[in-house]
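The model shown is predicted, which means the values in this text are computed figures rather than measured ones. Here is the naming used below: chain letters follow the sequence lines, and residue numbers restart at 1 for every chain.
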Amino acid sequence: MSFNTSVAQVFERMAAMLELTGADKFRVNAHARAARSVGDHAGDLEPIAGDEKALTAIEGIGKGTAAKIAEFARTGTVAEHDELLAKVPPGLLEVLRVPGLGPKTVKLMWEQLKIESVDDLKATIADGSLAGLPRMGAKTIDNIADALAFMADSGKRLHAGVARPIAEMIRARLAEVPGVTRVAYAGSLRRGRETVGDLDFLVTADDPGAAMEAFRGMAGVEKVLAAGETKSSVRLALPELGGKRFSADDSASVQVDLRVVPAESWGAALMYFTGSKDHNVRLRERALKRGMTLNEYGLFEDDGGEGSPQSRGVVPVASATEEDVYGALDLAWVPPTMREDRGELDAADGGTLPELVTLDDIRAELHSHTTASDGVMEILESARIAKGRGFHTLAVTDHSKSSAIANGLSPERLRAHIGAIREADEEIKGISILAGSEVDILADGALDYDDELLGDLDVVVASPHAALSQDAKKATTRLLRAIEHPLVHIIGHPTGRLIERRRGLEPAMDEIIAAAVEHNVALEINAHWMRLDLRDTHVRAAAESGCLIAIDCDVHAPGDYDNLVFGVETGQRGWLTKELCVNAWSKARLHGWLKKGRG
DNA sequence: GCCGTTTTCGGCCCGACTGTTTTCAGTCG
């Protein structure tokens with residue numbers, strides 16, 4: 001585990017333990033925020049751990065947390081963290097994760113009933129002693145028991161690639177409900193996050209009650225979690241939704257929230273429901289400073305009246321569209337993919353928001369496989385799909401010899417394959433097919449083919465496939481060596497991580513980026529929703545350094561081209577512009593760049 | 001514990017829903 005990840009975990013645990021010991025909630029919040037800042041930071045913090053000035057320059061890191069980072073670098077631990085650990089039973093942190101249980105309740109359970117673990121909690125439910133706590137009625141206990149069962153079943157976040165088709169299905173269903181005039185999904189799915197914890201929907205309707213009822217009665221709803229006038233929450237069983245299996249786990253489910261809002265509040269509500277929470281908090285603070293207040297009904301002048309402005313019939317300054325609300329706060333409209341409180345409001349204030357790369361900008365796929373290795377399409381079949389999407393270039397990059405499991409090509413087979421690619425390129429008009437390889441970066445950073453063969457290729461994507469758990473230093477050296485190779489164009493899925501399944505390499509990303517800039521090499525955002533590698537925070541650091549980025553689908557089958565949206569959104573989350581994205585370049589510019597290292 | 005167009009102290013977002021309550025605390029997003 002990298003230094004940054006370790007420190008982030010320390011702060012995260014401290015936040016939870018502080019909460020349970022009844023610490024000031026702002027202090028708790030500060031630790032949680034520090035955890036996020038450190039976890040998101042692209043550069044390795046270990047080398048600068050002694051430099052207070054450098055650390056406190058990071059948003060959310062102050063003198064206190066900087067000292068703890070230094071302490072962790074020096075001693076491998078944080079004394080205050082260890083003291084808390086001695087006080088708070090570790091199992092209690094698990095109890096805190098039960099949906100519906102917050103710090104107040106868990107603390108009470110711990111103090112009054114000596115509950116120190118999920119098992120303890122289950123025992124007090126079984127023997128009836130839990131009912132002895134204040135505000136602990138039969139209904140509440142039922143809900144806790146249900147939440148515990150649900151946690152055991154699932155409770156995991158969904159990959160964006162799984163969540164999106166489900167969301168599209170729900171959107172279509174809601175749009176069919178009589179009287180529903182507008183439907184949108186919001187939340188982390190709209191922000192393009194790599195995983196989502198739940199699905200959030202927003203509708204306007206002539207008959208809000210009917211819309212709510214239709215939502216709660218939807219096929220697949222296994223439990224109604226909340227049913228109010230303007231908001232409902234349900235738990236939706238995933239298997240066989242709409243006749244299609246979304247999960248191999250028969251008990252998997254996802255929470256779906258629906259909010260019905262007045263048409264005139266649409267923009268404010270969409271902002272509120274899109275988040276992120278931290279972005280919204282910043283916006284509301286900004287509103288306050290300007291003598292206004294912002295909520296999901298609109299932006300209101302603060303008139304000093306009692307109660308919420310909308311309940312008193314106050315007309316909002318802005319509310320109908322997101323542009324109106326941002327505009328009334330003297331901000332440019334911020335794309336949802338940027339709403340993470342990572343400096344986007346400063347940019348929106350100063351007129352320096354980047355012009356983000358979009359799906360329509362993409363004109364080339366530079367990482368694709370065919371039946372020659374582990375793909376299911378012939379060269380021309382894939383090329384026709386690429387052409388149909390308006391691409392000017394497709395690079396065929398089958399696996400190299402060390403990827404035996406993926407039917408990697410021996411040098412002889414690759415030479416023959418290059419011939420077949422040239423023939424296909426002759427045959428099809430309107431798109432260029434380039435001969436390439438996804439060549440393995442071996443554990444020591446050497447490439448899987450010799451330079452003579454690599455020099456015959458139009459495109460070299462070098463990717464790590466094996467030895468993905470090597471330590472950070474080795475990983476850094478390995479990737480640097482590949483980047484420095486004069487014939488390499490793109491580093492494919494640089495860390496090799498699989499979201500929620502494999503951590504992958506944890507190289508010093510700032511060094512990798514600096515080398516890529518120096519050697520005119522692009523780092524890939526692999527668009528497959530299980531990879532999204534580089535991840536958004538890495539892309540952000542790369543884009544800031546002027547590093548080239550390739551967004552590629554790593555095509556194996558026809559449907560893989562549709563994953564492009566996830567790659568583009570990851571790029572946007574990293575503030576990537578069209579200028580730095582090689583797939584968005586004109587054919588002439590792209591092909592010119594590909595000549596690098598080749599005479 | 002962080003932070004600054006009310007800047008080194010004194011703030012720190014806002015509302016819906018539930019369950020247990022006779023007016024609200026806790027949780028969630």
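- If you check every strand for non-hydrogen atoms under 4.0 Å, Ser233(A) touches nothing.
- Nucleotides dT27(B) and dT21(B) have their P atoms positioned 16 Å apart, rounded to a whole Å.
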Donor-acceptor pairs under 3.5 Å, side chain of residues 97-111 of chain A to any protein atom, not counting sequence neighbours: which ones?
{"from": "Arg97(A)", "atom 1": "NH2", "to": "Glu94(A)", "atom 2": "OE1", "distance (Å)": "2.9"}
{"from": "Lys107(A)", "atom 1": "NZ", "to": "Glu111(A)", "atom 2": "OE2", "distance (Å)": "3.2"}

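- Of the two residues contacting DNA chain B, namely Leu96(A) and Thr140(A), the nearest-nucleotide position lying further toward the 5' end is that of Thr140(A).
- Under the ring-ring contact (aromatic ring centres under 6.0 Å, His included) criterion, His528(A) pairs with no residue, sequence neighbours left out.
- Taking atom P on both dC13(B) and dC3(B), the two are 14 Å apart, rounded to the nearest angstrom.
- For Thr537(A), the side chain to side chain donor-acceptor pair (under 3.5 Å) criterion is met by no residue, not counting sequence neighbours.
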Using a 3.5 Å cut-off and no angle test, enumerate the donor-acceptor pairs between side-chain atoms of residues 206-216 of chain A and protein atoms at least two apart in sequence or in another chain.
{"from": "Asp207(A)", "atom 1": "OD1", "to": "Gly209(A)", "atom 2": "N", "distance (Å)": "3.3"}
{"from": "Asp207(A)", "atom 1": "OD1", "to": "Ala210(A)", "atom 2": "N", "distance (Å)": "3.3"}
{"from": "Arg216(A)", "atom 1": "NH1", "to": "Ser232(A)", "atom 2": "OG", "distance (Å)": "3.0"}

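- With C1' as the reference atom, dG15(B) and dT5(B) are 29 Å apart, rounded to whole Å.
- When Watson-Crick and G-U wobble pairs are counted only if both distances are under 3.5 Å, dC2(B) pairs with dG11(B).
- Backbone-only contact: Lys63(A) has heavy atoms under 4.0 Å from sugar-phosphate atoms and none from a base.
- Taking the C1' atom of each, dC12(B) and dC17(B) are spaced 25 Å apart, rounded to whole Å.
- Backbone-only contact: Lys68(A) has heavy atoms under 4.0 Å from sugar-phosphate atoms and none from a base.
- Between Glu168(A) and Arg171(A) there is a salt bridge, since a side-chain N of the basic residue sits under 4.0 Å from a carboxylate O of the acidic one.
- Ion pair Glu296(A)/Lys231(A) not flagged as a salt bridge, since none of the NZ, NE, NH1 or NH2 atoms sits closer than 4.0 Å to an Asp/Glu carboxylate oxygen.
- Contacts between residues 341-349 of chain A and DNA chain B, defined by a heavy-atom separation under 4.0 Å, are absent.
- A salt bridge does not link Asp341(A) with Lys277(A): none of the charged nitrogens is closer than 4.0 Å to a carboxylate oxygen.
- Nucleotides of DNA chain B nearest to Met212(A) and Lys104(A) differ in position, and the one nearer the 5' end is that of Met212(A).
- Within the 4.0 angstrom heavy-atom criterion, no nucleotide atom of any strand lies near Pro134(A).
- For dT8(B) and dT22(B), the C1' atoms lie 46 Å apart once the distance is rounded to whole Å.
- Comparing the C1' positions of dA25(B) and dT20(B) gives a spacing of 9 Å, expressed to the nearest Å.
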Give the table of side-chain donor-acceptor pairs shorter than 3.5 Å for residues 139-146 of chain A, with sequence neighbours excluded, one pair per line with atom names and distance.
{"from": "Asp146(A)", "atom 1": "OD2", "to": "Arg235(A)", "atom 2": "NH1", "distance (Å)": "3.1"}

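- By the 4.5 Å heavy-atom criterion applied to side chains, Ile499(A) and Arg531(A) are not counted as neighbours.
- In summary, of the residues considered (Asp51(A), Leu55(A), Ile61(A), Val7(A)), a side-chain contact (heavy atoms from CB on, under 4.5 Å) with Leu45(A) occurs for Leu55(A) alone.
- Spacing of P atoms, dT6(B) relative to dG11(B), comes out at 15 Å, to the nearest Å.
- Using a 4.0 Å cut-off between charged side-chain N and carboxylate O, Asp40(A) and Arg540(A) make no salt bridge.
- Taking a 4.0 Å limit (strictly below) on heavy-atom distances, residues 311-332 of chain A does not reach DNA chain B anywhere.
- Of all nucleotides in DNA chain B, those with any atom nearer than 4.0 Å to a heavy atom of chain A start and finish, going 5' to 3', at dG1(B) to dG29(B).
- Salt-bridge check for Arg342(A) with Asp536(A): passed, with a basic side-chain N closer than 4.0 Å to an acidic carboxylate O.
- Contacts between residues 279-297 of chain A and DNA chain B, defined by a heavy-atom separation below 4.0 Å, involve Val281(A), Arg284(A), Glu285(A), Leu288(A), Thr293(A), Leu294(A), Asn295(A), Glu296(A), Tyr297(A), listed by number.
- The stretch residues 254-278 of chain A comes close to DNA chain B through Arg259(A), Tyr272(A), Lys277(A), each having a heavy atom under 4.0 Å from the strand.
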- Task: Start with the C-alpha gap between Asp302(A) and Arg290(A), add the side-chain angles, then the distance that decides, and say whether salt bridge (Lys or Arg N to Asp or Glu O under 4.0 Å) holds.
- Result: CA-CA 9 Å; Asp302(A) 185 4; Arg290(A) 287 157 188 259; over 6 Å; no
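- Among residue pairs with one or both ends in residues 55-68 of chain A, those qualifying as side chain to side chain donor-acceptor pair (under 3.5 Å) are Lys68(A)-Glu80(A); sequence neighbours excluded.
- Legend: residues meeting ring-ring contact (aromatic ring centres under 6.0 Å, His included) with Phe72(A), ordered by chain and number and at least two apart, are Phe3(A).
- Among the atoms of the strands shown, none is found under 4.0 Å from any heavy atom of Ala15(A).
- Under the 4.0 Å criterion applied to side-chain N and carboxylate O atoms, Glu194(A) and Arg535(A) are not assigned as salt-bridge partners.
- Under the 3.5 Å distance criterion, the side-chain polar atoms of Ser188(A) are left unmatched by any main-chain donor or acceptor of Arg191(A).
- Straight-line distance between the P atoms of dG19(B) and dG10(B): roughly 42 Å, to the nearest whole Å.
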